[in-house]
Amino acid sequence: AKSSGKDKTVFFNAGIGGQLSRKMELEKDLRLALEHRQFFIVYQPKWDAKLGREAGFEALLRWQHPDKGIVSPGEFIPIAEETGLIVPMTRWMLGEVCRLNRRWHDEGLFRVCVSVNMSYRVFESMTLLDMVEDALRSSGLEGAMLELEITESIAMKNMAITLSQLQRVRDLGVKVSMDDFGTGHSSLGRLDEIPVDTLKIDQSFVKSSDRVSKQALIVGIIGIARLLDLEVVAEGVETVEQAEFLLSRGCVLMQGYYYGRPMLPEEVEAGAWKLAAV
Ligand code: C2E
Ligand code: CA
Ligand code: CA
Ligand code: CA
């Protein structure tokens, strides 16, 4: 801000200006990040606590910024959504994930589904089917080995275009899961209309699963899943107590630091994380 003689104004502008400039820098840099190969993907295991084996992996995006270090998805995903860059980023990610999972199959390492997070922007762009078809065709992966994670807010934002695109990808065998379930805006009334295979219990419920009120919610979600014949995965499982509580209520699919952090493909392949699992 120009020096105006009004201290308060200068102060205020400097603060806002500082924040805006990091965001604007990230926005500018994000445009080049894909072609400069600054993104990489980490994979977090989903563990089947009944069978004692991996049940799948969630692919999570990481950005290695040339001079800011690793920028968290909490910071860059919203920018990628605002700018629309999330669409080509998701296309790239689907291609990478399917290629890696196909290799895991071919090498006999894992025969599980890998999931990719979806943004409302991808549905708005009407390119989901094309992206998924391309990724499956070029990798040769079967559709059932890919899963898309959507949220209640995506489903609610534009029900008609979301449902029709989900239906088409499901026709290819692709699975769909409802992420952060229970935190969105009451899609419960229409949950039976959304084509999903799995509910993911949000980590906020799991975090406070020592509280009776949250236990009731978890038990409720597991009950809904059972009634609608859906799978249920608990997210953010960090302790053996949480795992035991979930298991005692019939939730056997677990994801969280207790079972394994998001890891590079080499680390996943080395399988060291399996030691932590119960
Ligand atoms: P999400 O989809 O709910 O992903 C789960 C987040 O919880 C991940 O954070 C994961 O690292 C973290 N997490 C997993 N287990 C635990 C645990 O036991 N304790 C705690 N405290 N955290 C745990 P991450 O990787 O930072 O991603 C944050 C969010 O960014 C994701 O939330 C997702 O909404 C978004 N995101 C990440 N990658 C992508 C992507 O490729 N596309 C889109 N559209 N969104 C993405
Ligand atoms: Ca997710
Ligand atoms: Ca989640
Ligand atoms: Ca989340």
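In each ligand, atom 1 is the first atom listed, and ligand 1 is the first ligand listed. Both backbone and side-chain heavy atoms feed into the values below; hydrogens, waters and symmetry mates do not.
Ionic pairing of Lys274 and Glu54 is present here: one or more N-O contacts between side-chain nitrogen and carboxylate oxygen are shorter than 4.0 angstrom. A salt bridge links Lys46 with Glu147: the distance from a Lys NZ or Arg NE/NH1/NH2 to an Asp or Glu carboxylate oxygen falls below 4.0 Å. Between Glu25 and Arg22, no side-chain nitrogen of the basic residue sits less than 4.0 Å from a carboxylate oxygen of the acidic one, so the salt-bridge criterion is not met. At a threshold of 4.0 Å, the pair Glu82-Lys23 counts as salt-bridged, since one of the basic side-chain nitrogens sits closer than that to a carboxylate oxygen.
Cation-pi geometry between Lys157 and Tyr120 is met: under 6.0 angstrom from the ring centre, within 45 degrees of the axis.
Atom numbering of ligand 1 starts at 1 in the shown order; those under 4.0 Å from a heavy atom of Glu238 are 17 (C), 18 (O), 19 (N), 20 (C), 21 (N). Near Gln203, the atoms of ligand 1 lying under 4.0 angstrom from a non-hydrogen atom of the residue are 5 (C), 6 (C), 7 (O), 12 (C), 13 (N), 20 (C), 21 (N), 22 (N), 23 (C). Under a 4.0 Å criterion applied to the non-hydrogen atoms of Val237, ligand 1 contributes the atoms 18 (O). Atoms of ligand 1 lying under 4.0 Å from any heavy atom of Gln44, numbered from 1 in the order shown and given with element: 14 (C), 15 (N). Atoms of ligand 1 lying under 4.0 Å from any heavy atom of Asp180, numbered from 1 in the order shown and given with element: 3 (O). Proximity to Pro262 (heavy-atom distance under 4.0 Å) selects the following atoms of ligand 1: 11 (O). In the vicinity of Pro73, heavy-atom distances shorter than 4.0 Å reach the ligand 1 atoms 24 (P), 25 (O), 26 (O), 27 (O), 30 (O), 37 (C).
The salt bridge (Lys or Arg N to Asp or Glu O under 4.0 Å) pairs that include a residue from residues 210-231 number zero, where partners must be two or more places apart or lie in different chains.
For the pair Met89 and ligand 1, no heavy-atom separation below 4.0 Å is found. Residue Glu235 places a heavy atom less than 4.0 Å from ligand 1. Between Glu58 and ligand 1 there is a heavy-atom distance shorter than 4.0 Å. The closest approach between any non-hydrogen atom of Gly236 and ligand 1 is below 4.0 Å.
Residue Lys200 does not touch ligand 1, judged by heavy-atom distances below 4.0 Å. Contacts between Arg62 and ligand 1, counted as non-hydrogen atom pairs separated by less than 4.0 Å, involve the side chain only.
Ring planes of Phe57 and Trp104: tilted class, angle from 30 to 60°. Using cut-offs of 30° and 60° on the angle between ring planes, the pair Phe110 and Trp273 is tilted.
Selection from Arg121, Arg261, Met93 by nearest heavy atom to atom 41 (O) of ligand 1 gives Met93. Among Val42, Asn117, Val122, Asp179, the residue whose heavy atom sits closest to atom 44 (N) of ligand 1 is Asn117.
For the side-chain contact (heavy atoms from CB on, under 4.5 Å) with Asn101, the qualifying choice from Leu109, Asp106, Leu141 is Leu141, the only one to do so.
Excluding water, every protein N/O/S atom under 3.0 Å from the Ca ion (ligand 2) is given here by residue and atom: Glu58 OE2, Asn117 OD1, Glu149 OE1, Asp179 OD2.
Within the 4.5 Å cutoff, the side chain of Val114 has no heavy atoms near those of the Leu100 side chain. Two residues are said to be in side-chain contact when any heavy atoms from C-beta on lie closer than 4.5 Å; Val233 and Leu199 fail this criterion.
Atom CG of residue Leu253 and atom NZ of residue Lys200 lie 10.5 Å apart, to the nearest 0.5 angstrom.
Gln242 and Ser209 share no side-chain donor-acceptor pair at under 3.5 Å.
Residue Leu61 places at least one N or O, backbone or side chain, under 3.5 Å from an N or O of ligand 1.
For Lys50, the NZ atom counts as loosely surrounded, since its 6.0 Å shell holds 12 or fewer non-hydrogen atoms of other residues, nucleotides or ligands.
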